[in-house]
Amino acid sequence: MPETPVLYVLNGPNLNLLGVREPHIYGRETLADVQALCETAAEGATVVFRQSNHEGELVGWIQEARTEAVALVINPAAYSHTSIALLDALKALTIPVVECHLSNPAAREEFRRHSYVSLAATGIVSGFGAHSYELAVKAALRLARERSASPAR
């Protein structure tokens, strides 16, 4: 693992509206609050924190993470349930991928209970509001450290 590991945290559509969009579901924290939480949780790792409402842009960032990051945290938002393109991009990664959700999709509408992204994720953290990101960041970096410490595969 590099001396200063790089962690990508990618956020899908409508997450730029955190704090104002359905705060009873997603909380009152803004995306800037979530970014600060991730940077603190990363404990010295460099966090590349991005958000897009565009699927293709997210695919490009996932592909970039393939060579630039030791791990990836992704909250694909609504693309969780619809995007085979995200799934295919994630399947090309050899780094840990942690899927993250503010709410618990399993406790919501039926259509939210299936995630294509989960098929490529190493693990999933959901249902803890903004704290989900903190847990996801810590898990992703721990997985990356464990992989770098283990003998060559």
Side-chain angles (χ1 to χ4, degrees), residues 5-42 45-144 146-147:
V6 176
L7 171 71
Y8 272 43
V9 179
L10 302 180
N11 298 279
N14 298 309
L15 289 168
N16 56 307
L17 299 176
L18 280 181
V20 296
R21 178 179 169 253
E22 299 180 282
H24 62 286
I25 295 173
Y26 302 111
R28 298 212 177 271
E29 292 89 353
T30 66
L31 195 59
D33 295 333
V34 170
Q35 181 174 357
L37 184 65
C38 289
E39 290 168 351
T40 299
T46 299
V47 176
V48 175
F49 191 92
R50 298 176 177 160
Q51 185 277 330
S52 181
N53 294 321
H54 304 282
E55 183 179 35
E57 190 163 35
L58 290 164
V59 168
W61 292 338
I62 291 167
Q63 291 176 358
E64 182 181 300
R66 201 175 129 261
T67 58
E68 301 299 318
V70 299
L72 170 73
V73 171
I74 184 167
N75 182 345
Y79 288 142
S80 306
H81 324 293
T82 63
S83 183
I84 295 168
L86 290 184
L87 169 62
D88 287 347
L90 290 166
K91 286 169 57 177
L93 299 181
T94 58
I95 59 175
V97 174
V98 177
E99 182 178 359
C100 178
H101 296 281
L102 295 158
S103 67
N104 179 359
R108 297 190 57 201
E109 303 93 336
E110 182 66 34
F111 70 88
R112 295 187 195 275
R113 295 180 190 160
H114 178 267
S115 169
Y116 286 104
V117 169
S118 294
L119 297 172
T122 309
I124 304 162
V125 179
S126 66
F128 299 100
H131 187 58
S132 292
Y133 280 87
E134 179 182 7
L135 297 169
V137 164
K138 288 181 178 291
L141 289 170
R142 180 175 181 169
L143 289 167
E146 289 171 356
R147 283 190 184 190

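Residues take their numbers from the sequence shown, with the count starting at 1.
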**Results of side chain to side chain contact (heavy atoms under 4.5 Å, CB included) for Leu135 - residues two or more places apart only** = Val125, Phe128, His131
**Side chain Arg147, main chain Thr94, donor-acceptor under 3.5 Å** = yes
**Prompt:** Can any side-chain N or O of Glu99 pair as donor or acceptor with the backbone N or O of Ile74 at less than 3.5 Å?
**Reply:** no
**Request:** Start with the C-alpha distance between Phe49 and Val34, add both sets of side-chain angles, then the distance that settles side chain to side chain contact (heavy atoms under 4.5 Å, CB included), and finish with yes or no.
**Result:** CA-CA 10 Å; Phe49 191 92; Val34 170; 4.0 Å; yes
**Request:** Hey, could you give me the CG/CD1 distance between Asp88 and Ile62, rounded to the nearest 0.5 Å?
**Result:** 10.0 Å
**Request:** Taking all heavy atoms of Ser118 and all of Ile124, pick out the closest pair and write down the distance.
**Result:** OG-CD1, 3.4 Å
**Fill in**
One should read off an interatomic distance between Asn14 CG and Asn16 CG, to the nearest 0.5 angstrom, of 6.5 Å
**Request:** Indicate the atoms forming the closest heavy-atom contact of Arg50 with Trp61, along with that distance.
**Result:** NH1-CD1, 3.0 Å
**Message:** Under a 3.5 Å distance rule, please check whether Asn11 uses its side chain to pair with a backbone N or O of Asn75 as donor and acceptor.
**Reply:** no
**Message:** If you compare all heavy atoms of Asn53 against all heavy atoms of Gln51, which two are closest, and at what distance to 0.1 Å?
**Reply:** OD1-NE2, 3.0 Å
**Request:** Check whether any side-chain heavy atom of Leu102 lies under 4.5 Å from a side-chain heavy atom of Leu18, and answer yes or no.
**Result:** yes
**Item:** Residue pairs passing the salt bridge (Lys or Arg N to Asp or Glu O under 4.0 Å) test where at least one lies in residues 116-141, sequence neighbours excluded
**Value:** Glu43-Lys138
**Asked** Does Thr122 use its side chain to pair, donor to acceptor, with the backbone of Val97 at less than 3.5 Å?
**Response** yes
**Message:** Within the structure provided, determine whether Gln35 and Tyr133 are in side-chain contact (heavy-atom separation under 4.5 Å).
**Reply:** no
**Item:** Atom of Pro13, atom of Ala77 and distance for their closest heavy-atom approach
**Value:** O-CB, 3.4 Å
**Asked** Counting distance only, does the side-chain N/O of Ser132 pair as donor-acceptor with the main-chain N or O of His101 below 3.5 Å?
**Response** yes
**Request:** Supply the atom-to-atom distance Leu37 CG to Leu31 CG, rounded to the nearest 0.5 angstrom.
**Result:** 11.5 Å
**Request:** Taking salt bridge (charged side-chain N to carboxylate O under 4.0 Å, His left out) as the test, write out the residues that go with Glu68, two or more places apart.
**Result:** none
**Asked** When you measure from the side chain of Tyr79 to the backbone N and O of Glu55, does any donor-acceptor pair fall under 3.5 Å?
**Response** yes
**Prompt:** If every non-hydrogen atom of Ser126 is compared with every non-hydrogen atom of Ser103, which pair is closest and at what distance?
**Reply:** CB-O, 3.5 Å
**Separation between OH of Tyr116 and CG of Leu90, rounded to the nearest 0.5 Å** = 14.0 Å
**Asked** From Leu10 CG over to Glu64 CD, what is the distance, rounded to the nearest 0.5 angstrom?
**Response** 9.0 Å
**Complete:** Looking only at heavy atoms, the pair that brings Leu93 and Ala65 closest together is CD2-C, 4.4 Å
**Prompt:** So which of Leu7, Leu143, Val70, Leu72 actually passes side-chain contact (heavy atoms from CB on, under 4.5 Å) with Ile95?
**Reply:** Leu72
**Asked** So with a 6.0 Å cut-off around CZ of Arg28, is the heavy-atom count from everything else above 12?
**Response** no
